[in-house]
Amino acid sequence: DAYLSAIERANPALNAYVAVTDDKARGMAKISDAKLAKGEGGSLEGIPLGIKDLFGTEGIHTQACSHVLDGFKPRYESTVTANLWSDGAVMLGKLNMDEFAMGSSNETSYYGPVVNPWRRSRLDTVVMPTTHQGDGGFVSAGGTRTARTLDNAQLVPGGSSGGSASAVSAFLCAGATATDTGGSIRQPAAFTGTVGIKPTYGRCSRWGIVAFASSLDQAGPIARDVRDAAILLKSMASVDPKDTTSVDRPVPDYEAAIGKPVKGMKVGIPREYRVDGMPEEIEALWQKGIAWLRDAGAEIVDISLPHTKYALPAYYIVAPAEASSNLARYDGVRYGLRVPGKDIVDMYEKTRAAGFGREVKRRIMIGTYVLSAGYYDAYYLQAQKVRNLIKRDFETVFAAGVDVILTPATPSAAFGIADEDMAADPVKMYLNDIFTVTVNMAGLPGIAVPAGLDAKGLPLGLQLIGRPFDEETLFQTAHVIE
Ligand code: GLN
């Protein structure tokens, strides 16, 4: 009830939820209450969660925040959400996101932008009144002082899991599900002062999650701290016969890794992540993170990941290529929206023209282009080769004994909604993903953890990248930083 009333109060301003499932939440909570009263219940019994709109939830709004899925209510439950419910979690509703998870600011949603609960503050010089009322009446007290004032400009929460990050940050749920194809868990976590982990590709089942780029997509949690993220991931992860890319390995007790000393651990600092034009405060944050881990007894080593600079361009070929294929299914026949036409082809065209937003259409165009005869070898195949080189860079570093890699999570703090530069040039928006996409290209686990505030009081995050299926080391190290 407390979460539902917080949603009622704050959601009109934040737009984090696109559907609130109050009846369902109360029903689930009642069952949890009964279990807890009997001393029973799962690891998440009664914990209220928000679910990104990309996860199929049986009989409940599931639209990937796209117009083309209008009215779609699946007859199935995604494996990840089913795992959460069987551990006792309670569903509060569906969370806003970039349309089909394409974006880095949560501005491409059919349901409108999500607002970051954080605001910039300004250090202002305030002229003090020449008189103020003292004990003995009005006395003169001229002069100036500095005060912090809030800037009311609204900021993006990052994307594509912007609703998840905003809701967790604003206490509109205890934790949330999210997905990460090229940074969509870690970048919004960094922008909102929350913790987000993208596990190793294959750790969570993708079954029942609306597909964007199938070879990159992974589910993971956004939570308020590292421990909550560890508990949530433990529940979400599983091998699943319905997703052949999910991996049959026992899911460790991630929480047990928290608090273990990092003494003697080898932390790699990749020189290629020092990108041109990176704000000084991001570099300073990185240095702070290095110092914390060194103070905790870790050994800091310089490493090189030489193909890093190709990750972003290669990602923006591979991801749209897979998206253009995955999105072919929205044809007005099987799901959601149908705009009538004079014949079936006309119906397809009208439905897709009306149903997809600008960014989604741009991705379909790019994807179709790079997959077309004559361009396939030059673009798509080339990008796949680059992807292999990126993966090998990481393998070399881990084989040399590095346990974990530390980088900034994003090249800046949260920016303003409707930023003119980014609206005018999609590539500027894509640059937000510069530190996060390599991890998806290599299939590795990555966590974003809040590490400080910028000069305007906005949260900044650091990223830790680990060996395949070594999420434990990420939780262990992130806990030293948080
Ligand atoms: N910003 C990236 C993109 O738009 C990331 C998306 C994601 O991780 N879902 O493709």
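Order of appearance sets the numbers: ligands from 1, and atoms from 1 within every ligand. On a predicted model such as this, the values are computed, not experimentally measured, just so you know.
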Below 3.5 Å, N or O to N or O, backbone or side chain included: is there any such pair between [X] and ligand 1?
X      : value
Ser104 : yes
Phe212 : no
Asp180 : no
Arg363 : yes
Ala101 : yes

Identify whether the distance between the nearest side-chain nitrogen and carboxylate oxygen of [X] and [Y] falls below 4.0 Å.
X      : Y      : answer
Arg227 : Glu255 : yes
Glu283 : Arg274 : yes
Arg392 : Glu395 : no

task = Establish, yes or no, whether a centroid distance under 6.0 Å links the rings of Phe435 and Tyr273.
result =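 Here the rings of Tyr273 and Phe435 have centres that are less than 6.0 Å from each other.
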
request  = Keeping the roles fixed (side chain from Ser160, backbone from Met102), state whether a donor-acceptor pair exists under 3.5 Å.
outcome  = no

key: Side-chain (Glu281) to main-chain (Ala455) donor-acceptor, under 3.5 angstrom   = yes

request  = Find out whether Arg363 and Phe100 are in side-chain contact, i.e. whether some heavy atom of one side chain is under 4.5 Å from a heavy atom of the other.
outcome  =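 Side chain of Arg363 against side chain of Phe100, heavy atoms only: no contact under 4.5 Å found.
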
inquiry  = Within the structure provided, determine whether Tyr201 and Arg206 are in side-chain contact (heavy-atom separation under 4.5 Å).
reply    = yes

inquiry  = Check this for me: Lys361, atom NZ, are more than 12 non-hydrogen atoms of other residues, nucleotides or ligands nearer than 6.0 Å?
reply    = yes

Please write down residue, atom name and distance for the protein heavy atom closest to [atom].
atom                    : result
atom 7 (C) of ligand 1  : Ser184 OG, 2.4 Å
atom 10 (O) of ligand 1 : Tyr315 OH, 2.7 Å
atom 3 (C) of ligand 1  : Tyr316 OH, 3.3 Å

Could you list the atoms of ligand 1 found under 4.0 angstrom from a heavy atom of [X]?
X      : value
Gly183 : 8 (O)
Met102 : 4 (O)
Gly182 : 5 (C), 7 (C), 8 (O)
Asp433 : 1 (N), 2 (C)

task = To the nearest 0.5 Å, tell me how far Ile209 CD1 sits from Ser214 OG.
result =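 Spacing of CD1 (Ile209) from OG (Ser214) equals 11.0 Å.
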
ask   = Are Arg186 and Gln463 linked by a side-chain donor-acceptor pair shorter than 3.5 Å?
value = yes

Part of [X] with heavy atoms under 4.0 Å of ligand 1, whether side chain, backbone, both or neither:
X      : answer
Ser160 : side chain
Thr181 : both
Gln218 : neither

Quick one: does [X] get a heavy atom under 4.0 Å from ligand 1?
X      : answer
Gln187 : no
Tyr430 : no
Gly103 : yes

